[in-house]
Amino acid sequence: IFSGFKKIQNVAIGVIAGLCLIGFNFIYTFFVSAFNIGSNSNQENVQQIALALPVFSLIIIGFIAPACEELTYRIGLFTLISKWKIWAAYVISALIFAIVHFDFNFTSEGYNLGRELINLPNYLICGLLLSFAYHKGGFAASFIAHAMNNLLSVILILGA
């Protein structure tokens, strides 16, 4: 897993994919905010954690969560399904990645199904981008892209 970080090509793929991820998220967030829809529950939870525990959130949200998700969705799920069909690996791993970031707690106060649904394509496309990074550059590439995105999110929350 860690040997991939030694290859400059994998690191470059990760950085480029991370910049694409950040750019896409910026555009998607701008579009969604133009309609005054607001963020989903996942983003609200990240904001609360980051503001309450800034150093902890940089470590957990910035590094540990991306590592765990990349191990699960790319190394585990993507690799397993790609042995059958590569297109299915992209679709299924991205779909599950998106669904995991969806809030199914219909009974929570302030729950907004429309807001969750409008943000679901964002996670789906991010899952596809991370799968592409993994397919082309391995764990190193997908982890770097994912960590860049998450770290920037936490830093922007803390800077606001």
query: Do the side chains of Q43 and H101 get nearer than 4.5 Å, heavy atoms only?
result: no

task: Side-chain contact test, heavy atoms from C-beta onward, threshold under 4.5 Å: evaluate it for L58 versus I155 and give yes or no.
output: yes

field: Same cluster (ILVMFWY, side-chain, under 4.5 Å), L156 and F56
entry: yes

- line: Heavy-atom closest pair (I157 atom, V46 atom, distance to 0.1 Å) is CD1-CG1, 3.7 Å

- prompt: In terms of hydrophobic clustering (I, L, V, M, F, W, Y; side-chain heavy atoms under 4.5 Å; direct or indirect links), are F132 and I27 co-clustered?
  reply: no

query: Nearest heavy-atom pair of P54 and L51: which atoms, and what distance?
result: CD-O, 4.1 Å

query: Can you check whether G76's main-chain N or O pairs, donor with acceptor, with T79's side chain at less than 3.5 Å?
result: no

query: Quick one: does Q9's side chain get under 4.5 Å of I13's, heavy atoms only?
result: yes

Validation row: I81, L77 side chains within 4.5 angstrom (heavy atoms): yes

- request: Locate the shortest heavy-atom distance separating A145 from L130; write the atom from each residue and the value.
  value: CB-CD2, 3.9 Å

query: Does the side chain of N10 come within less than 4.5 Å of F5's, by heavy atoms?
result: no

query: Any side-chain heavy-atom pair from F139 and L71 closer than 4.5 angstrom?
result: yes

- request: List the steps, then state whether side chain to side chain contact (heavy atoms under 4.5 Å, CB included) holds for I75 with E70.
  value: CA-CA 6 Å; I75 288 180; E70 293 311 309; over 6 Å; no

field: Whether over 12 other heavy atoms sit under 6.0 Å from Y28 OH
entry: yes

- prompt: Any link between F26 and L151 through a network of hydrophobic side chains (Ile, Leu, Val, Met, Phe, Trp, Tyr) touching at under 4.5 Å?
  reply: no

- request: List the atom of F24, the atom of L129, and the distance in Å for their closest heavy-atom pair.
  value: CB-CD1, 4.5 Å

task: Over all heavy atoms of both residues, which pair between A133 and A17 is shortest? Give the atoms and the distance, please.
output: CB-CB, 3.7 Å

query: Given L124 and L120, is the side chain to side chain contact (heavy atoms under 4.5 Å, CB included) satisfied, shown in steps?
result: CA-CA 6 Å; L124 183 62; L120 195 60; 5.8 Å; no

message: Contact between Y73 and Y134 at the side-chain level, heavy atoms closer than 4.5 Å - yes or no?
response: no

message: Check the orientation of W87 and W84. Use parallel for under 30°, tilted for 30 to 60°, and perpendicular for over 60°.
response: tilted

task: Report yes or no: is the cationic atom of R74 (NZ for Lys, CZ for Arg) under 6.0 Å from the centre of the six-membered ring of F97, at an angle within 45° of the ring normal?
output: yes

task: Indicate, with yes or no, if L158 and M148 share a hydrophobic cluster defined by side-chain heavy-atom contacts under 4.5 Å among Ile, Leu, Val, Met, Phe, Trp and Tyr.
output: yes

query: So how far is it from C20 SG to I125 CD1, rounded to the nearest 0.5 Å?
result: 12.5 Å

task: Indicate, with yes or no, if I61 and I22 share a hydrophobic cluster defined by side-chain heavy-atom contacts under 4.5 Å among Ile, Leu, Val, Met, Phe, Trp and Tyr.
output: yes

- line: With N149 as partner, the option from L19, I144, L21 fulfilling side chain to side chain contact (heavy atoms under 4.5 Å, CB included) is L21

- request: Evaluate the ring planes of F78 and H135, with Trp represented by its six-membered ring, and classify them as parallel (under 30°), tilted (30 to 60°) or perpendicular (over 60°).
  value: tilted

